[in-house]
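Have a look at the structure below before the remarks.
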2 protein chains.
Amino acid sequence: MNTISWDLYRTFLAVLRTGSLSAGARDLGLTQPTAGRHVEALERALGYPLFTRSQQGLRPTDAALALQPYAETLASTAAAMERHATGASGDISGVVRISASDVIGIEVLPPILAALQDEHPHLTIELSLSDAVEDLLRREADIAIRMTNPAQEALVAQRIGNVPIGLHAHQRYLDRYGMPLSPADLKGHRFIGFDRKTAFIRAMEVRFQAMMPTFPALDELNWSYRIDSNVAQLAAIRAGVGIGFCQTGVARRDPDLVRILPDVFELPLETWVVMHENLRRGLRWRKTFDALVQGLRDYARETRPQD
Amino acid sequence: MNTISWDLYRTFLAVLRTGSLSAGARDLGLTQPTAGRHVEALERALGYPLFTRSQQGLRPTDAALALQPYAETLASTAAAMERHATGASGDISGVVRISASDVIGIEVLPPILAALQDEHPHLTIELSLSDAVEDLLRREADIAIRMTNPAQEALVAQRIGNVPIGLHAHQRYLDRYGMPLSPADLKGHRFIGFDRKTAFIRAMEVRFQAMMPTFPALDELNWSYRIDSNVAQLAAIRAGVGIGFCQTGVARRDPDLVRILPDVFELPLETWVVMHENLRRGLRWRKTFDALVQGLRDYARETRPQD
DNA sequence: CTGATGGTATTCATTTTTGAATAGCTTCTC
DNA sequence: GAGAAGCTATTCAAAAATGAATACCATCAG
């Protein structure tokens, strides 16, 4: 019995992801006939079909979908291996992949990483911005900036500190609609919030109401601008759309953003930098990790009222 | 830039594991020249050597060793994928890989699994026996029998119960050397123990001394027969070599094995059956999981004094 | 209805990969 | 010191995988 070529798994995944032989082949730098042959060979090896062919693409069967997680793991591992492999080991060069939330990635990381790259010009940074927690054990990223204390073993973690979330609005908005001076004042204002409520948001709402009993019920507020992206919420705050949530560290940098009711509303948010411990010995990850810890600590320090 | 073929990683790993092109090729069903060409191609793609060639094989460079963990993950994932893929999905057929300690795998599992296979003749069982905890998240096994409460998420776990470890000896040994009736009596006896002390053993020793203050210090006992394998320890107990540690459930099955000082010495040992939650829907894993839980619960029940 | 776009299947020449055979080296055993 | 066993490197013919070209089908916009 001949074992199955791993390359077949790769094109299988590409076809599965893209939904067609042509697109999958394009992603892989192959041609459509070879992609077709790979899928065919895999199906022959397994003894059952993985896709139902049609003129507008290939629809995966249940069996194919069941295999997808494995193929995804293969892909992320191979990508991590290639990242690790490229770049001389003694030098600080090659690729480091960082996972962070979109706000951090857009508002906070650029200057930190720019300075790092100034120092190490051969270092390439891959930034993966999403609130989905990428799995460091599965090597979907090398280093992650997390908002939860990482309990998993095999990870190196450094606590940055608490960068709380506060309520903010632009000065222009406040000039027109007035500054809320008590929780009750909030009821008349326009609020920027989430569009669809994820499980995380829901959980936070509950925690939130429990923590801040003087705060009006969230349902009673006027959520007049709803968008899921935190960055887009921030943009809305800056544009004077209304009052929204935002990390105090980010808001503090913009002189026109004003914190609302700082004594009443404050949602703590722990920040951690986390890395797989296998990477600890690699110079480039170590340096990047240290730079992130340092840079984020500086950022966290800005957060505290210091003036 | 052309991406690296995943098959190169596979032969890279085989060569790394076996230490030579020839042996690696043999494992993979290839020939030595192709294995050599694969390694060469990988080195060319990365831009640095992975092995130093010699007449007696290939010695890996540091860079190669750094890449090994990734390749191992690839291999175990690909193996899991193939296991998952073979066997029709509606039927109970294909391969299930179980990880267990050697004692459990040799003394307890055979009848359970035999009954399961009687019922499902197309089911193939792979047993991986070691005390090394195989990682279910990394798919090194499908189902594991663990002695610790599995804290990781993404796992389905069922608690079996407490199957404590007790001191045991063969009747023949006791006839000749006498039955210890108090902890102090133990000092004159011959003991069967571990050869090299692992971190786990050391930790258990500490816990042990703390739990059983009336027990003599372990250093004072006469460890006259030392062997790391638990199965070999059991064999030694059965051969009348001396007094040794053994799961009470296993010992109870052999009428000639006598428990020593049951009221004084008892080391609790929790048992769990654990599985990756992705496999919950697969019929063959579900069935095997259930059979293991049922069979081990029966085994645990035997343990309790019931006569 | 027509043309553009994007998909699969098939054919065939070309390129690439592979294996068998062989030479040459080292180590170990008798 | 002879011989066996195990290894790498190289050569060359055979086998396998690939890509370009093409036919053909579905969908959508105008």
Side-chain angles (χ1 to χ4, degrees), chain A residues 1-65 68 71 74 78 82, chain B residues 1-65 68 71 74 78 82:
Chain A
M1 187 197 108
N2 218 342
T3 174
I4 298 169
S5 162
W6 290 3
D7 282 337
L8 298 189
Y9 295 141
R10 176 163 60 174
T11 71
F12 161 73
L13 179 62
V15 171
L16 191 54
R17 279 175 168 170
T18 60
S20 86
L21 293 176
S22 309
R26 228 177 293 130
D27 280 8
L28 260 50
L30 302 175
T31 55
Q32 169 257 327
T34 53
R37 283 185 279 245
H38 282 181
V39 170
E40 204 179 329
L42 187 56
E43 289 176 327
R44 196 152 5 96
L46 300 182
Y48 51 81
L50 292 166
F51 297 94
T52 57
R53 270 79 169 168
S54 83
Q55 238 66 25
Q56 63 259 37
L58 276 71
R59 192 194 329 283
T61 63
D62 288 349
L65 292 175
Q68 184 166 16
L74 285 178
E82 202 168 331
Chain B
M1 186 196 109
N2 218 342
T3 173
I4 297 169
S5 162
W6 290 3
D7 281 336
L8 298 188
Y9 295 141
R10 176 163 61 172
T11 73
F12 161 73
L13 178 62
V15 171
L16 191 55
R17 280 175 168 170
T18 61
S20 85
L21 293 177
S22 311
R26 227 176 295 130
D27 279 9
L28 260 52
L30 302 175
T31 56
Q32 170 256 327
T34 51
R37 284 186 279 246
H38 282 181
V39 169
E40 205 179 329
L42 187 55
E43 288 176 327
R44 197 153 3 96
L46 299 183
Y48 50 82
L50 293 165
F51 297 94
T52 56
R53 270 79 168 167
S54 83
Q55 238 66 25
Q56 63 260 36
L58 276 71
R59 191 194 329 283
T61 63
D62 287 349
L65 292 174
Q68 184 165 16
L74 285 178
E82 202 167 332

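Because only heavy atoms are used, hydrogens play no part in the values below, and waters and symmetry mates are left out as well, while side chains stay in. Just so it is clear, the model here is predicted, and its values are computed rather than measured. Below, chain A is the first sequence line, B the second, and so on; all start at residue 1.
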### Query
Taking only side-chain nitrogens and oxygens of B/Ser54, does any of them come within less than 4.0 Å of OP1 or OP2 of C/dT26?
no
#### Entry: B/Leu58 and its side chain to side chain contact (heavy atoms under 4.5 Å, CB included) partner, picked from B/Thr18, B/Leu21, B/Leu16
B/Leu21
### Task
Using whole Å, report how far CG of A/Leu21 lies from C1' of D/dC25.
15 Å
### Task
Grab the CD-C1' distance between B/Glu40 and D/dA9 for me, whole Å please.
10 Å
### Query
Hey, does A/Ser20 reach any base, or is it just sugar-phosphate, or nothing, if we go heavy atoms under 4.0 Å?
sugar-phosphate
### Query
In whole angstroms, how far is the C1' atom of D/dA15 from the CZ atom of B/Arg37?
13 Å
### Query
Does B/Thr34 place a side-chain N or O at less than 4.0 Å from the phosphate oxygens OP1/OP2 of C/dG19?
yes
### Task
Identify the heavy atoms of B/Thr34 and B/Thr31 that sit nearest to each other, and give their distance.
OG1-O, 2.7 Å
### Query
Which whole-number value in Å describes the distance from A/Trp6 CH2 to D/dA17 P?
19 Å
### Message
Measuring only between side-chain heavy atoms, which start at C-beta, is A/Asp27 closer than 4.5 Å to A/Arg17?
### Response
no
### Task
Using only side-chain N and O atoms of B/Arg53, determine if any of them is under 4.0 Å from OP1 or OP2 of C/dT26.
no
### Query
Does B/Arg59 CZ have over 12 foreign heavy atoms under 6.0 Å away?
no
### Residues that B/Gln32 engages under side chain to side chain donor-acceptor pair (under 3.5 Å), provided they are two or more places apart
none
### Task
Would you kindly give the CG-to-C1' distance between A/Leu30 and C/dG7, to the nearest whole Å?
17 Å
### Message
Under 4.0 Å from OP1 or OP2 of D/dC7: is there any side-chain N or O of B/Arg26 that close?
### Response
yes
### Task
Between C/dT18, D/dA26, C/dT8, spot the one nearest the side chain of A/Gln32, thanks.
C/dT8
### Task
Round to the nearest Å and state the distance from B/Asp7 atom CG to D/dA17 atom P.
11 Å
### Message
Measuring to OP1 and OP2 of D/dT18, would you say a side-chain N or O of A/His38 lies under 4.0 angstrom away?
### Response
yes
#### Entry: Residue whose closest nucleotide on DNA chain C lies nearer the 5' end, A/Leu58 versus B/Gln56
A/Leu58
## Note on the structure
Between CG of B/Leu28 and P of C/dT17 the distance, given in whole Å, is 17 Å
### Task
Give the nucleotide from the list C/dG19, D/dT8, D/dA20 with an atom nearest to the side chain of A/Pro33.
D/dA20
### Rounded distance (Å) that lies between atom C1' of D/dA17 and atom CZ of A/Arg10
14 Å
### Query
Does a nitrogen or oxygen in the side chain of B/Ser22 sit under 4.0 Å from OP1 or OP2 of D/dT8?
yes
